[in-house]
K.L.:
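Provided herewith is a single structure, encoded as structure tokens, for subsequent inquiry.
A quick note: this is a predicted structure, and the numbers were derived from the prediction, not measured.
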Amino acid sequence: LHSTMMAAPAIRTRITSLFGCKYPLILPGMSWISEPTLVSAVSNAGGVGILATGPLSADETRNAIRTIRSNTDKPFGIGTTLLMPGAEENAKVAIEEQVPIIN
């Protein structure tokens, strides 16, 4: 950092305390948008990225979770769209993979 630039301060809120993130910013699980690259980037930036699993199969969800884990060690989660086929299977995958936040 240049001497004139300062690191952004962490903000303490219920969300940052609950999720263990730096900022109270949450990327919602938006189908076809909230994919592993974006989820990882938001989490790495200090927020919480939520993977959209609605359009994913259980295998795709497992692979996406593992991709996110390879890109970040920060908190992230998955969103399960209950109206979509495969929601129950995707939730089970998230539990098996020990995803910290399931929405």
Side-chain angles (χ1 to χ4, degrees):
L1 292 175
H2 296 283
S3 60
T4 58
M5 297 175 63
M6 295 180 59
I11 299 169
R12 296 190 86 89
T13 68
R14 288 186 199 180
I15 288 176
T16 60
S17 295
L18 180 65
F19 296 141
C21 55
K22 188 172 180 180
Y23 302 106
L25 301 171
I26 299 174
L27 169 73
M30 300 174 286
S31 293
W32 300 285
I33 296 171
S34 299
E35 48 79 39
T37 303
L38 183 57
V39 171
S40 301
V42 170
S43 292
N44 281 331
V48 175
I50 304 292
L51 173 71
T53 64
L56 304 180
S57 69
D59 286 339
E60 291 169 325
T61 295
R62 187 177 310 278
N63 289 335
I65 290 167
R66 290 178 178 176
T67 298
I68 294 165
R69 282 229 166 90
S70 72
N71 292 331
T72 187
D73 61 352
K74 307 293 188 224
F76 72 94
I78 70 147
T80 57
T81 305
L82 299 179
L83 297 176
M84 298 293 277
E88 183 177 347
E89 292 82 5
N90 284 333
K92 286 179 182 176
V93 166
I95 292 167
E96 290 168 5
E97 292 291 324
Q98 300 179 348
V99 174
I101 302 163
I102 301 173
N103 177 23

K.L.:
What heavy-atom pair brings Ile101 and Phe19 nearest, and what distance separates the two atoms?
P.N.:
CD1-CD2, 3.4 Å
K.L.:
Which atom pairs, donor and acceptor, lie under 3.5 Å between side-chain atoms of residues 24-31 and protein residues at least two apart or in another chain?
P.N.:
none

K.L.:
Provide the full list of side chain to side chain donor-acceptor pair (under 3.5 Å) pairs with a residue in residues 52-63, sequence neighbours left out, each pair given once.
P.N.:
Ser57-Glu60, Thr61-Asn90, Arg62-Glu96, Arg62-Glu97
K.L.:
With no hydrogens and no angle check, is any side-chain donor or acceptor of Glu88 less than 3.5 Å from a backbone partner on Ala91?
P.N.:
no
K.L.:
Do the side chains of Leu51 and Ser34 get nearer than 4.5 Å, heavy atoms only?
P.N.:
no
K.L.:
First locate atom CD1 of Ile68, then atom CG of Asp73, and finally report the distance between them rounded to the nearest 0.5 Å.
P.N.:
13.5 Å
K.L.:
Could I get the full list of side chain to side chain contact (heavy atoms under 4.5 Å, CB included) partners for Glu89, not counting sequence neighbours?
P.N.:
Ala58
K.L.:
Tell me, do Val99 and Phe76 make a side-chain contact under 4.5 Å, heavy atoms counted?
P.N.:
yes
K.L.:
Can you list, by chain and residue number, the hydrophobic cluster partners of Met84 when the side-chain cut-off is 4.5 Å?
P.N.:
none
K.L.:
Which residues pass the side chain to side chain donor-acceptor pair (under 3.5 Å) test with Thr80, sequence neighbours left out?
P.N.:
none
K.L.:
Looking at every heavy atom in both Ala94 and Ile102, which two are closest together, and how far apart are they?
P.N.:
CB-CD1, 3.7 Å
K.L.:
To the nearest 0.5 Å, what is the distance between CD1 (Ile95) and NZ (Lys92)?
P.N.:
9.0 Å
K.L.:
Okay, side chain of Ser70, backbone of Thr67: is any donor-acceptor separation there less than 3.5 Å?
P.N.:
yes
K.L.:
What pairs of donor and acceptor atoms, side-chain ones from residues 40-49 against any protein atom, are under 3.5 angstrom apart with sequence neighbours left out?
P.N.:
{"unit_1": "Ser40", "atom_1": "OG", "unit_2": "Pro36", "atom_2": "O", "d": "2.8"}
{"unit_1": "Ser43", "atom_1": "OG", "unit_2": "Val39", "atom_2": "O", "d": "3.3"}
{"unit_1": "Ser43", "atom_1": "OG", "unit_2": "Gly49", "atom_2": "N", "d": "3.1"}
{"unit_1": "Ser43", "atom_1": "OG", "unit_2": "Pro75", "atom_2": "O", "d": "2.7"}
{"unit_1": "Asn44", "atom_1": "OD1", "unit_2": "Thr72", "atom_2": "OG1", "d": "2.5"}
{"unit_1": "Asn44", "atom_1": "ND2", "unit_2": "Ser40", "atom_2": "O", "d": "3.3"}
{"unit_1": "Asn44", "atom_1": "ND2", "unit_2": "Asn71", "atom_2": "O", "d": "3.1"}

